[in-house]
Amino acid sequence: MQHALTPTQSDFEPNMLSGLNPAQRSAVEAVNGPVLVLAGAGTGKTRVLTTRLAAILLNGLASPFQIMAVTFTNKAARELQERVSALVGRPTEGWFLGTFHSLCTRILRKHAERVGLKQNFTILDTDDQLRLIKQILEAENVDTKRTPARAVLAVIERWKDRGYTPDKVPATEVTQSGLYLKVYQIYQERLRTLNACDFGDLLLYNLVLLQNNLDLLQEYQHRFRYILVDEYQDTNVVQYLWLRLLMLTPDGQARNICCVGDEDQSIYGWRGAEIGNILRFEQDFPGAKIIRLEENYRSTGHILGAASALIAHNRDRLGKTLWTTASEGDRVRVQSLWDGESEARFVGDEVESFQRRGMSLNHMAVLVRAGFQTREFEERFLKIGVPYRVIGGPRFYERQEIRDAIAYLRIILVPEDDLAFERIINVPKRGLGPATMQQITTHARVNKIGMLEAVRQLLNTDAFKPKMRTTLQTFIRLYDMWCAQLQDLPHTDLTERVLEESGYIAMWQAEKTPDAPTRLENLKELISAMSEFDNLQSFMEHVSLVMEKTSSAEQEQVTLMTLHAAKGLEFDLVFLPGWEEEIFPSRRSLEENGMKGLEEERRLAYVGITRARKHAIISNVANRLVYGSWTNAIPSRFISELPAQHIETHAEAGMFGTMNRASFNSRGTSAAPAEFAQSSVMSSSFGKSHYPARPKTSFIEGRAERIEDEPTYKFRKGDRVFHQKFGYGTIELMDGPKIEVTFDMGDTKKIMAEFVVPESLAGEF
DNA sequence: AGATGTACCATTTTT
DNA sequence: TGGTACATCT
């Protein structure tokens, strides 16, 4: 039976459906049975998801606790929670709206003992995983040079992504004469004795839980009457199997599952996402309804046209035809340049030019294939004084001082957490050498106890040297005190005490490296972040699951980030530099995954173009400095896949005759013929060479060299300087060619020294 | 323990 | 080229 949702039923918010187009509306209304919403870029899929969820609730089809809505990222989860909360007019706390990992953690905590864990298990991060694997490899006498822990972990994680527990790894996957499998087995045993699991386990154990416990399977099948999944194209095998167990009845009937996704935006294959899941949806869930959202509300016509034509080159897709009622807008600009430096200068100039025409820096982004590519743009932006932010740098919770602090807290919560013990026992330095460590590890292993307990036992013997004995006794006494205060003291106060009494704060205070003050700041920030949680336990949960970066600056900034990080975002103006063979598409991707790899790269290109609302500027260079040697670069094949009617091509003056076969016509479509682009990868004609003589033509006459020709002055800390954009200020810090200046306007900025003049010369500037 | 030397390597990254 | 992980020296 179909429930027709109409605004008149129950307490349905009357305007909820009114703003939806017919496709969106039908995706909301098809409440029962399996539904796949194929939502292209910028078609409002989140809106559909939230409206549908609210509609189910407000029509009384289910209570909040009978609905599960899953996302991949915390950001998406938060957005979902906020929107649903706004639609239904109450908070969504405690509801099953969240990331796969957070929901799975909740479920696993309830049934931890069924997989041999205690309820308070810890979740290891990559660092701990690697250390653990390395220990195992060393114990097995494996040469960690030839078989790095990283590689072994990658294989194990892949197995976990596919749903293989150690006993279920198929014979075909077992290589290296079974070494990896053996390590996997030992690794899992060790995790269990540590009362810990890794990120992969959170999902894998949930699958195992449902597979091996009929009662639980029935309980959760009964409980979750509606499941909504965002970004379905990103699900891996475990997530898929888990969802399928929940959503298929024993006789193969699909229940009420609604997945939203876009096969053209599947860009996480390399990390286990299985695009086949979305392509196979109809077979998996018999009777599935497929609804396509094809009206794009984001981009202008040419941008959409270029992106659609590009993605049409992919074979593995279900196919959608995006359209828009927006104007044609600007054509996608394809700009060829001499080298990376002129590319950066070009982007910088365009940024300034758009800014002059009134566009906010917040609406501009530079999207690169790989993180290292941001560097030349950063340098340029520093030079010309364009504020920018880089998304995806080191995360707050990955910083050393934060991880140390958290290790202290972990061992207080979970005494058998040996990895935390190892991390902190000699930080700050307590004079523990490898010999003492060896004693402790051996005793722990022989008696199958945690290292902390091993220390306790050994203190009752005379195993330790007198000095060590006192040190360890002091440590244990402190530790016991902290544990005792766990109940009484607020967790923020406890943390402060721990960091103070352990000498950790003192350690950084004594440190005279320039980043020591920052680290102390970070520790303060950690404590203030903690205050938002009720207790230590819930904060620790947050730590392992939510690795968020706390951004502060509220100033207008250009965004620099990888294409991956840009998924789900949009900007008025998008720069897409580095569209060259071997860089984009990335060589490794093609080498390792062939056609599949190429298609994923193409989807990445598609994601990139479709981030743009009004302007997309693609660029490529003829000469690229790669790992210190100059390389002739060939325009990406993706450029030649863009249709002529949607693009306009430009080449930097001085390019002709230098670029050889790779030269472009100054207008019309690609002068890079497909056969040419194709052959480049096959016959690695991608030769390293010496730096070609750079033509002395500047890109924009009279502008480009403006800055570089300014004389550089010898500055010292404390000098008063003047900057063209930021005005007067005082030098805080010298850092090679860069300086940190606190400007009188209030901001502290890091800029190139050559871009300021002494205060006394301000008038001549 | 801290400093210096050297060999190696080099996507995408969330949870 | 430049960062880093590990080894060896002081």
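Values below: every heavy atom of this structure, side chains too, minus hydrogens, waters and symmetry copies. Because the structure is predicted, anything quoted here is derived from the model rather than measured. Quick note on labels: first sequence line is chain A, next is B, and so on, each numbered from 1.
Across dG2(B), dT12(B), dT14(B), the shortest atom-to-atom separation from the side chain of K429(A) is found for dG2(B). Of the candidate nucleotides dT15(B), dG2(C), dT11(B), dT11(B) has the atom lying nearest to any side-chain atom of E592(A). The side chain of S586(A) sits closest to dT11(B) out of dT13(B), dT11(B), dT15(B).
Put simply, N74(A) has no side-chain N or O that comes within less than 4.0 Å of OP1 or OP2 on dT14(B). The side chain of S629(A) places no N or O atom within less than 4.0 Å of a non-bridging phosphate oxygen (OP1 or OP2) of dT1(C).
The residue G371(A) sits close only to the backbone: its heavy atoms come under 4.0 Å of sugar-phosphate atoms, none of a base. K134(A) comes within 4.0 angstrom of the backbone, heavy atoms only, and of no base. Residue contacts shown for S589(A) include a base, since a base heavy atom lies under 4.0 Å away. Counting non-hydrogen atoms under 4.0 angstrom, E601(A) reaches a base of the nucleic acid. T73(A) comes within contact range of the sugar-phosphate backbone alone, with a heavy-atom separation under 4.0 Å but no base atom that close.
Atoms CD (Q265(A)) and C1' (dT14(B)) sit 17 Å apart, rounded to a whole Å. Between the CD atom of E376(A) and the C1' atom of dT1(C) there is a distance of 14 Å, rounded to whole Å. One atom, CD1 of I583(A), and another, P of dT12(B), lie 13 Å apart when rounded to the nearest Å. Residue L202(A) contributes atom CG, which lies 16 Å from atom P of dT14(B) at whole-angstrom precision. What separates CZ of R150(A) from P of dA10(B) is a distance of 10 Å, to the nearest Å. Separating the CG atom of D198(A) from the P atom of dT13(B) is a distance of 21 Å, rounded to the nearest angstrom. Between D230(A) atom CG and dT14(B) atom P the separation is 17 Å, expressed in whole Å. Atoms CG (L560(A)) and P (dT12(B)) sit 15 Å apart, rounded to a whole Å.
Note on ring orientation: taking the six-membered ring where Trp is involved, the planes of F584(A) and F638(A) are perpendicular (angle over 60°, cut-offs 30° and 60°).
Using a 3.5 Å distance cut-off with no hydrogens or angles, the side chains of E343(A) and S619(A) do pair a donor with an acceptor.
Judged by ring centres under 5.5 Å apart and planes tilted less than 30 degrees, Y268(A) fails to stack against the six-membered base ring of dT12(B). The aromatic ring of F372(A) does not sit over the base of dA10(B), since the test of centres under 5.5 Å and planes under 30° is not met.
Mapped onto DNA chain B by nearest heavy atom, L604(A) and R430(A) fall at different nucleotides, with R430(A) at the one closer to the 5' end.
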**Request:** Apply ring pair (Phe, Tyr, Trp, His ring centres under 6.0 Å) to Y240(A) and W242(A), showing your working.
**Result:** CA-CA 5 Å; Y240(A) 160 77; W242(A) 184 68; over 10 Å; no
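Judged by distance alone with a 3.5 Å cut-off, no donor-acceptor contact links the side chain of R271(A) to the base of dT13(B).
Cation-pi check for R106(A) over F96(A) is met; the charged atom lies under 6.0 angstrom from the ring centroid and within 45 degrees of its normal.
Rounded to whole Å, the separation between the P atoms of dA5(C) and dT12(B) comes to 16 Å. Spacing between dT13(B) and dG2(C) at atom C1', rounded to whole Å, works out to 23 Å.
Taking the six-membered ring wherever Trp is involved, the centroid distance between the rings of Y388(A) and F377(A) does not fall below 6.0 Å. Aromatic rings of Y268(A) and H564(A) (six-membered ring for Trp) have centroids within the 6.0 Å cut-off, being under it.
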